[in-house]
Amino acid sequence: MHATTVLSALPEAALTPLGAEVYRGLSARPRSLSPWIFYDEEGSRLFEAITELPEYYVTRCEHEILADHADEIVAAASGGRLTVCELGAGSGSKTGLLLQAAVRRQGSVDYRAIDVSATALDEAKRNLERELPGVAVHPIVADYTVGLGNLGDRLGGRRQPGERRLFLYIGSNIGNFEMPQALQILRDIRRQLLPGDTLLLGADLVKDRQILLDAYDDAAGVTAAFNKNALTRINRELGSNFNLQLFRHRARWNEEHSRIEMHLESLITQIVFVPALDLQVQLGRAETIHTENSYKFTGDQIAGLLDRAGFDIARQWTDSRGWFGEYLALAV
Ligand code: AVI
């Protein structure tokens with residue numbers, strides 16, 4: 001009886017993932033919102049545009065590494081017939097380099113892509129199977145940030161004799177999580193593998209502060225639009241009245257935590273109302289909503305994380321400027 005009363009006092013929207021996160025983050029001090037909120041259809045489109053910006057070196061650096069070393073990576077991961085699994089489907093162009101290398105080596109390859117977005121998976125399947133004969137894409141719709149445990153057989157099905165798995169976690173997606181969650185994701189991946197299988201982890205490395213700041217505050221304002229899109233989404237889905245013109249995109253380098261932070265700074269003192277949550281938020285002038293962390297790593301930090309998750313680094317590569325690292329980690 002008591003529990004029913006408490007639950008019915010909460011607006012229904014507070015029980016949806018978006019409502020719960022907005023309620024938590026905007027009631028908290030300092031204010032924050034989780035970065036997964038960026039990725040509605042428009043946010044995913046803006047992120048693709050970010051990857052092509054001159055300032056956003058991340059995607060190009062990783063592409064350079066994979067273009068130069070895909071055959072080596074696949075050869076080092078093989079030792080049996082290779083199956084490739086990936087967390088996050090993305091646009092598939094970097095993954096395509098590895099899948100092509102696998103097709104060159106073994107004639108064909110099964111690729112299992114895990115993503116929260118069924119649309120992103122459909123697109124990856126269509127593009128990869130059209131462009132790369134020999135690749136069979138098996139989409140798996142799931143939110144890996146809540147754990148991989150429930151995927152069970154969907155991830156790999158029954159293993160064929162001599163099958164080896166190569167798990168991809170690239171794009172420095174690991175950098176958008178706090179360390180305990182990053183470690184948990186790596187441990188969840190490890191649990192899906194057998195000794196001798198491998199994980200390819202892509203991580204953005206610490207570098208000159210200005211290069212980092214420019215990458216997250218580009219001249220064309222695409223990252224600013226990406227950041228503000230979180231507010232547009234909340235307006236649309238929860239009926240709030242955020243006025244985008246009263247917020248400024250901010251990118252900061254936090255030296256102590258070795259991370260780029262993205263914030264939305266309130267330009268005036270204002271009150272925002274979120275009707276679906278029956279929530280009023282008063283923001284002071286210059287108060288910020290912290291929307292994203294993007295951690296930048298040293299090689300030692302990556303080695304430490306992988307070690308704690310049950311992996312040994314077998315091989316590692318960087319791009320020609322040493323800005324991005326790709327780590328082939330052996331499940332031990
Ligand atoms: C998806 N992730 C690795 C990007 C990053 O660089 O942290 C997200 C991003 N945020 C702003 N620009 C790109």
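Remember, it's 1-based here, ligands and their atoms both numbered in the order they're listed.
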A.B. asks: Can you sort out which atoms of ligand 1 are near Gly171, meaning under 4.0 Å from one of its heavy atoms?
C.D. replies: 3 (C)

A.B. asks: Just need the protein heavy atom nearest to atom 2 (N) of ligand 1, so name the residue and atom and give the distance.
C.D. replies: Asn176 OD1, 2.8 Å

A.B. asks: Give me the ring orientation class for Phe226 and Phe47: parallel if the planes are under 30° apart, tilted from 30 to 60°, perpendicular past 60°.
C.D. replies: tilted

A.B. asks: Could a heavy atom of Val58 be found less than 4.0 Å from some atom of ligand 1?
C.D. replies: no

A.B. asks: Looking at Asp40 and Arg236, is there a salt bridge between them, counting it only when a charged N and a carboxylate O are closer than 4.0 Å?
C.D. replies: yes

A.B. asks: If you draw a 6.0 Å radius around CZ in Arg308, do more than 12 non-hydrogen atoms from other residues or ligands fall strictly inside?
C.D. replies: no

A.B. asks: Where's the contact between Tyr39 and ligand 1, heavy-atom distance under 4.0 Å: side chain, backbone, both or neither?
C.D. replies: side chain

A.B. asks: Distance to 0.1 Å, residue and atom name: give those for the protein heavy atom nearest to atom 7 (O) of ligand 1.
C.D. replies: Ser294 OG, 2.7 Å

A.B. asks: Distance under 4.0 Å to a non-hydrogen atom of Phe47: what atoms of ligand 1 satisfy this?
C.D. replies: 1 (C), 4 (C), 8 (C), 13 (C)

A.B. asks: Centroid separation under 6.0 Å, is that true for the rings of Tyr144 and Tyr169?
C.D. replies: yes

A.B. asks: Go through it in stages, so that I can follow the logic: the residues are Leu238 and Leu279, the test is side-chain contact (heavy atoms from CB on, under 4.5 Å), and I'd like the CA-CA distance, side-chain angles, deciding distance and then a yes or no.
C.D. replies: CA-CA 10 Å; Leu238 299 175; Leu279 177 71; over 6 Å; no

A.B. asks: Give yes or no for whether the N/O distance cutoff of 3.5 Å, strictly under, is met between Ser172 and ligand 1.
C.D. replies: no

A.B. asks: For ligand 1, note which part of Asp204 has a heavy atom under 4.0 Å away: side chain, backbone, both or neither.
C.D. replies: neither

A.B. asks: Per the side chain to side chain donor-acceptor pair (under 3.5 Å) rule, which among Gln106, Arg105, Arg164 passes with Ser78?
C.D. replies: Arg105

A.B. asks: Would you say OH of Tyr23 has more than 12 non-hydrogen atoms from neighbouring residues, nucleotides or ligands within 6.0 angstrom?
C.D. replies: no

A.B. asks: Step through the shown structure and confirm whether more than 12 heavy atoms of other residues, nucleotides or ligands are within 6.0 Å of CD on Glu72.
C.D. replies: yes

A.B. asks: Flag yes if more than 12 heavy atoms outside Gln160 fall under 6.0 Å of its CD atom; otherwise flag no.
C.D. replies: no

A.B. asks: Please identify which atoms of ligand 1 are closer than 4.0 Å to at least one heavy atom of Phe226.
C.D. replies: 10 (N), 11 (C)

A.B. asks: In terms of residue, atom name and distance, what is the protein heavy atom nearest to atom 10 (N) of ligand 1?
C.D. replies: Glu292 OE1, 2.8 Å

A.B. asks: Please determine whether any non-hydrogen atom of Phe38 lies less than 4.0 Å from an atom of ligand 1.
C.D. replies: no

A.B. asks: Relative to ligand 1, is Tyr216 under 4.0 angstrom through side chain, backbone, both or neither, heavy atoms considered?
C.D. replies: side chain

A.B. asks: Which residue owns the protein heavy atom closest to atom 4 (C) of ligand 1, what's the atom, and how far is it?
C.D. replies: Tyr56 OH, 3.4 Å

A.B. asks: Quick check on contacts: which atoms of ligand 1 are under 4.0 angstrom from a heavy atom of Asn173?
C.D. replies: 1 (C), 3 (C)

